[in-house]
Amino acid sequence: MINERISLKIKFERQKRGFSQEELALESGLSRSAIWKIESGNVSPTIDTLEKIAAALGMDFASLTDVSKVDL
């Protein structure tokens, strides 16, 4: 359940900023495939990966991982 919420939050924040998966991948140092897998819920991102994504989105880790208001 938490993984699904984090996946949705990452996708929401990426789209809110107008980033493609490719752009987020470049900014975070991850592959586009990794971003796709995370957003689709196929993999659970590590803390290090979440930190990279948060930085690429201009957020802090706590804000990215606060999924208390994410509806499935």
Side-chain angles (χ1 to χ4, degrees):
M1 185 89 157
I2 188 83
N3 188 49
E4 292 172 6
R5 289 174 183 252
I6 288 175
S7 297
L8 287 173
K9 178 87 179 261
I10 291 169
K11 185 175 183 177
F12 172 79
E13 295 294 343
R14 175 181 62 77
Q15 291 176 335
K16 184 168 93 172
R17 287 159 177 77
F19 285 3
S20 67
Q21 288 181 340
E22 182 71 26
E23 290 168 323
L24 180 56
L26 289 171
E27 290 295 319
S28 64
L30 302 169
S31 68
R32 192 208 54 79
S33 175
I35 298 297
W36 179 83
K37 288 176 184 177
I38 292 166
E39 286 187 356
S40 65
N42 290 331
V43 298
S44 297
T46 65
I47 291 173
D48 288 341
T49 298
L50 290 172
E51 287 178 338
K52 289 177 183 178
I53 292 171
L57 292 170
M59 304 175 71
D60 59 35
F61 178 82
S63 296
L64 181 64
T65 57
D66 177 8
V67 293
S68 60
K69 296 179 182 171
V70 175
D71 294 322
L72 294 177

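Numbering of residues begins at 1 and proceeds along the displayed sequence. For clarity, every value in this text was computed on a predicted model and none was experimentally measured.
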Take Ile6 and Ile38 through the test side chain to side chain contact (heavy atoms under 4.5 Å, CB included) and record every step on the way to the result.
CA-CA 9 Å; Ile6 288 175; Ile38 292 166; 5.6 Å; no
Dump the intermediate steps for salt bridge (Lys or Arg N to Asp or Glu O under 4.0 Å) on Glu23 and Arg14, then the final yes or no.
CA-CA 9 Å; Glu23 290 168 323; Arg14 175 181 62 77; over 6 Å; no
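The shortest distance between side-chain heavy atoms of Ser28 and Leu57 does not fall below 4.5 Å. Proximity of Ile10 to Leu50: side-chain heavy atoms (C-beta onward) are separated by under 4.5 Å at one or more points.
Scored by the salt bridge (Lys or Arg N to Asp or Glu O under 4.0 Å) test, Arg17 finds Glu13 as partners (sequence neighbours excluded).
Here the closest heavy-atom approach between residue Pro45 and residue Asn3 is recorded as CD-OD1, 3.5 Å.
Between Asp60 and Ser63, the side chains place a donor N or O and an acceptor N or O closer than 3.5 Å (distance only, hydrogens not considered). With 3.5 Å as the limit, one finds a donor-acceptor pair spanning the side chains of Ser40 and Asn42.
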Check residues 29-36 and write down every donor-acceptor pair under 3.5 Å in which the side-chain atom is one partner and the other belongs to a residue at least two apart or another chain.
unit_1, atom_1, unit_2, atom_2, d
Ser31, OG, Ala34, N, 2.9
Arg32, NH1, Gln21, OE1, 3.3

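Atoms NZ and NZ, on Lys16 and Lys9 in that order, are 8.0 Å from each other to the nearest 0.5 Å. Distance check: Leu64 CG to Phe12 CZ gives 12.0 Å after rounding to the nearest 0.5 Å. Atom CD1 of Ile53 and atom CE of Met59 lie 11.0 Å apart (nearest 0.5 Å). Expressed to the nearest 0.5 Å, how far NZ of Lys37 lies from OG1 of Thr49 amounts to 12.0 Å.
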